[in-house]
**Q** 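This is the structure I have questions about; it appears just below.
Numbers restart at 1 for each chain; the letters A, B, ... are given by sequence-line order, proteins then strands. Small disclaimer: the values here were computed from a predicted structure and weren't measured.
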Amino acid sequence: MVTVSQVTPRAGRWTELALLVPALAVGIYAYLQVGLAVNGAVPPDLLAFGLVTAAIALAVHVVLRLRAPYADQVLLPIVVALNGLGLAMIERVHLALQARENVPSWDVDPTRQMMWMAVGATACLAVLLLLRDHRTLRRYTWTFLAAGLFLLLLPLAPVIGKEINGSRLWIGVGPLSLQPAELAKICFAIFFAGYLVTHRDTLTLAGRKVLGMTFPRVRDLGPILFAWAISVGVLLFQRELGTSILLFGLFIAMLYVATERLSWVLIGGVLTIGGVLLLASRIGYIQARIDVWLHALDPDIYSRNPGGSGQIVSGLFGMASGGLMGTGWGEGYPQLTYSANADMIVPSLGEELGLTGLLAVLMLYLVFAQRGMRTAIGVRDGFGKLLGCGLAFIVALQCFVVVGGATRVIPLSGLTMPFLAAGGSSLLANWMILALLLRLSDGARRPGPEVEPALPRDPREPRASVAGAAG
Amino acid sequence: MNAALRRVSAVVIAMFLVLMAAVTSVQFFQASSLNGDPRNVRNTYRENGRDRGPIVVAGAEIAFSQPVDDPYKFLRTYTQGPLYAPVTGYSSVVFGQSGIELAENSVLNGTSPSLWQQRLGDLVTGRQPQGGAVELTIDPAVQQAAYDALGDHEGAVVALDPRTGEVLALVSTPGFDPNVLAGHDTAAVNAAWQQLLNDPGKPLANRAIAGDTYAPGSTFKLIDVAAALSADAALTPDTRISAPDSITLPGSTATIANPAGERCDDGETATLATAFAKSCNTPFVQMALDLGADAIRDQADAFGFGDQLAIPLTVTPSRLGPIADEAALGQTAIGQRDVRVTPLQMAMVSSAIANDGVLMRPYLVATTRDANLTVVSKTSPSELSTPITPEVAATMTQLMEGVVTSGTGRRAQISGVQVAGKTGTAESGFDDGTARSNPHAWFTGFAPADDPQVAVAVLVVNGADPAAGDYTGGALAAPIARSVMAAALGSGS
């Protein structure tokens with residue numbers, strides 16, 4: 001399975017620079033097309049748009065050259081391309097909404113989004129510059145748990161907490177609206193990694209065999225029940241299905257990687273189904289979400305107010321009208337769908353770029369997540385492996401929840417598409433995920449004197465890491 | 001841990017495969033049903049939100065789309081709405097299209113296969129797709145003259161170029177302004193639509209080609225004479241034919257007299273020329289009875305009766321009715337009973353006579369062009385049929401000149417130009433059982449008789465008020481035809 005070979009890995013920074021050219025071009029071309037289609041003129045701020053996105057990309061690139069030369073060379077270009085596409089769509093929806101008599105509250109100025117992109121990139125740079133070795137984070141395992149819980153609970157605080165569309169996910173600080181759960185997911189990923197790497201032996205070895213599967217002891221169920229309780233709490237008090245699924249899914253995935261025990265996935269599945277069944281019948285809003293999911297096109301559900309399926313059906317209509325090739329930038333009607341620049345940005349892209357464009361976007365995410373997983377395989381320490389896996393899985397699962405919600409694979413929730421959707425906290429959090437993955441991948445691919453001597457301390461951690469490093 | 005990591009990687013791939021399948025399902029497999037959903041307003045927006053190409057008459061855009069700031073993006077605008085409404089029809093976000101807007105929809109909205117070159121260019125350059133232009137054969141001077149001459153009358157005018165079949169004018173009154181239906185305020189459009197539907201003048205009906213058809217009255221005698229001349233080479237304008245004061249229809253007690261009970265010549269016979277010029281009834285009833293129903297029907301069919309024409313507007317076929325017996329044949333001969341025609345059909349009869357017996361296929365669209373104004377299609381004149389020989393056509397021209405020179409159609413005279421024509425005054429309440437409404441006034445003809453450049457048909461619906469004394473087609477319709485022909489000759493020369 002594993003061939004151990006000694007190859008000096010190329011740093012790959014020139015590859016990254018070359019990939020950044022088309023990545024930037026995609027966004028700038030999209031922005032140009034939006035201006036041409038909607039206003040019939042080259043957007044006056046096209047140059048500024050191009051310069052700012054290029055400056056952000058180059059700044060990260062340069063810092064990588066200096067501080068993480070062996071970092072994965074594909075991650076940054078993918079993020080730059082997705083950010084550019086998102087900005088173009090936000091601008092496109094913004095132009096359409098500005099033409100209305102009453103501009104809806106969900107309109108987002110692309111300048112604001114670009115500012116958040118800069119903030120996110122700055123945070124990314126800060127992480128790369130300050131965090132020289134990811135293992136440092138392990139020391140703060142319990143601090144991150146506290147931070148994660150604090151961030152999750154913040155919207156419930158009296159003054160700053162805000163409820164939007166029935167979900168209590170936001171905090172308002174002056175003019176800013178933040179979704180602390182976006183940052184909380186990183187904190188939990190770090191905590192889970194630190195906790196699980198320490199306790200994996202207990203969680204793995206003890207237990208009894210039932211039907212060929214080793215099940216854990218009851219007292220070892222503590223952590224998973226704790227994670228489940230947090231998720232159910234989010235669902236109950238913040239009324240947000242997406243975050244709840246994301247946190248629990250993240251924990252189960254990391255628990256499975258740590259223990260390699262399928263029984264944990266089974267228990268997780270039972271707890272998920274149990275939780276949904278328990279809550280669905282008791283909480284009207286979840287029941288409504290499920291109705292909308294199963295019977296979106298039903299006229300009664302469609303016209304129900306509140307809690308109708310108008311938003312999701314409008315998104316489906318948009319995607320259908322896009323068809324295979326899409327209407328082209330600025331030629332569709334994505335603005336008809338509520339939150340077409342944030343929660344429903346995927347249908348907007350589907351409408352204007354078509355099935356072809358949307359599949360390409362999904363491929364970008366898949367490559368991103370796979371490069372993250374590959375990084376996890378290549379990293380030499382258990383903590384790093386778990387963290388890399390967790391971060392990559394967060395992005396993948398979030399895509400699944402968002403796109404699956406819009407296409408009725410699962411019920412729709414309020415999560416946003418990483419890097420694409422309008423929303424500052426989401427951008428900030430995802431740029432930090434990028435930074436952590438870059439840092440991890442630099443550690444994974446950096447050739448060092450410790451490669452050969454680093455005999456696995458743990459027999460469960462074979463020398464595959466060497467191959468990972470070589471790849 | 002790496003084995004588990006690889007499995008999680010596989011799960012991630014599976015998750016994305018599910019998403020890709022879901023997206024494909026929505027955007028490909030469910031697309032047609034979602035696009036067909038009546039709640040999907042995107043279709044309406046898209047159909048109407050295109051930069052629709054213009055409809056052009058003599059180089060001027062009579063219908064075009066102007067950019068506006070609303071979801072439809074473009075507002076269809078008609079520069080002279082009521083004047084051209086029977087031709088352009090309307091393009092409404094609520095009620096769809098009619099007229100040329102409907103017939104040439106694929107060119108105007110840019111989806112026609114003939115515009116593939118332009119679409120390919122748009123795809124490459126990313127330019128917003130634009131519709132093609134439709135250039136009409138209408139002569140604005142003739143159209144305007146016809147519209148003005150009809151005035152407040154309910155009626156229709158069709159003018160053709162007999163040499164090519166080009167439609168020079170197509171007017172129906174009372175009309176409507178397509179601008180009121182093209183608006184984007186759906187409530188206002190609905191209100192306007194209701195008003196048009198409830199209007200007793202039926203402004204949405206296109207009397208020139210479609211919807212109601214009308215009894216042609218004495219203009220149908222052109223078909224009797226054409227059939228008679230074709231059947232009997234010895235028949236000349238000077239041949240004396242039977243012309244009694246009244247004739248009893250075979251198999252019934254009903255009689256037919258000459259118009260207003262007048263004597264045709266000597267009460268026994270009259271020359272064909274006199275009978276035709278004075279539009280006596282009895283000679284033509286006898287003529288049809290002698291020829292038989294089949295001969296009349298064949299002749300009418302040769303002139304285009306019963307044809308499903310599209311010019312490209314759909315034309316209601318004109319018809320003779322069943323002609324069940326001799327009595328019906330007698331009434332058919334003078335354009336009554338079940339005979340129903342469109343003004344276009346009568347213009348086609350004159351057009352064939354004018355063009356040496358060759359009927360050219362009438363058409364409205366001269367060229368279609370792409371958004372760069374490159375011609376993508378051009379209509380070439382084509383023959384529809386040859387209903388009569390050149391000799392018969394020459395004799396009929398002579399007879400029709402007589403109508404205008406010294407007969408019922410004197411008011412169609414144009415100084416310096418020899419006009420040929422035939423009048424008609426059709427009983428319209430003949431078979432509807434209720435109180436009789438006023439007769440229809442007709443005139444059809446062409447000019448100049450020796451070098452025909454325009455053929456017309458004029459209909460004034462229920463316009464002939466018997467109480468008004470001189471109420472015939474000659475009095476009402478002939479002057480309208482004169483204005484139209486004069487306008488055509490004025491611009492043509």
**Q** Taking everything shown except B/Gln195 itself, do over 12 heavy atoms lie less than 6.0 Å from its CD?
**A** no
**Q** Is it true that the NZ or CZ of B/Arg39 lies under 6.0 Å from the centre of A/Tyr302's six-membered ring and within 45 degrees of the ring axis?
**A** yes
**Q** Tell me, side chain or backbone of A/Leu397 under 4.5 Å from chain B's heavy atoms, or both, or neither?
**A** both
**Q** Within a radius of less than 6.0 Å around CZ of B/Phe29, do more than 12 heavy atoms belonging to other residues, nucleotides or ligands occur?
**A** no
**Q** Is chain B contacted by the side chain of A/Leu358, its backbone, both, or neither, given a heavy-atom distance below 4.5 Å?
**A**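 Only the side chain of A/Leu358 comes within 4.5 Å of chain B.
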**Q** For chain B, find which of A/Gly328, A/Gly322, A/Gly318 contributes the most heavy-atom pairs closer than 4.5 angstrom.
**A**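 Ranked by heavy-atom pairs under 4.5 Å with chain B, first place is A/Gly318.
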**Q** Of the non-hydrogen atoms in A/Tyr256 and B/Arg7, which two are nearest, and what is the gap between them?
**A** OH-NH1, 2.6 Å
**Q** With heavy-atom distances below 4.5 Å as the criterion, would you say the side chains of A/Val346 and B/Val23 are in contact?
**A**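 Sidechains of B/Val23 and A/Val346: no contact.
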**Q** Where do A/Cys389 and B/Leu5 come nearest, in terms of heavy atoms and distance?
**A**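 Between these two residues, the closest heavy atoms are CB-CD2, 3.3 Å.
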**Q** Name the option with the most non-hydrogen atom pairs under 4.5 Å to chain B; the candidates are A/Val313, A/Leu262, A/Thr327, A/Leu336.
**A** A/Leu336
**Q** Go through A/Cys399, A/Gly332, A/Ala253, A/Gly404 and name the one with the most non-hydrogen pairs under 4.5 angstrom from chain B.
**A**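 Top count of heavy-atom pairs under 4.5 Å with chain B: A/Cys399.
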**Q** Which bit of A/Phe393 comes within less than 4.5 Å of chain B, counting heavy atoms only: side chain, backbone, both or neither?
**A**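 The side chain, not the backbone.
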**Q** So which heavy atom on B/Asn2 is nearest to which on A/Ala376, and how close?
**A** OD1-O, 4.5 Å
**Q** Taking side chain as everything from C-beta outward and backbone as N, CA, C, O, which of these in A/Ala369 sits under 4.5 Å from a heavy atom of chain B? Side chain, backbone, both or neither.
**A** side chain
**Q** State the CG-CD distance between A/Leu297 and B/Gln30, to the nearest 0.5 angstrom.
**A**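 Interatomic distance, A/Leu297 CG to B/Gln30 CD, rounded to 0.5 Å: 8.0 Å.
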**Q** Give a yes or no on whether the backbone of B/Ser9 and the side-chain of A/Gln370 come within a donor-acceptor separation of less than 3.5 Å.
**A**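 Checked: pair present.
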**Q** Which one wins on heavy-atom pair count under 4.5 Å against chain B: A/Ala406, A/Ala396, A/Ser321?
**A**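 Top option by heavy-atom pairs under 4.5 Å: A/Ser321.
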**Q** For A/Met363, is it the side chain, the backbone, both or neither that has a heavy atom under 4.5 Å from a heavy atom of chain B?
**A** both
**Q** So, for B/Met1 and A/Val257, which heavy atoms are closest and what is the spacing to 0.1 Å?
**A** CG-O, 3.2 Å
**Q** Taking every non-hydrogen pair under 4.5 Å, which of A/Leu324, A/Thr407, A/Val409, A/Leu366 racks up the most with chain B?
**A**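 Heavy-atom pair counts peak at A/Leu366.
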**Q** Taking the side chain as every heavy atom from C-beta outward, state whether A/Ser314 and B/Arg42 have any atom pair closer than 4.5 Å.
**A** yes
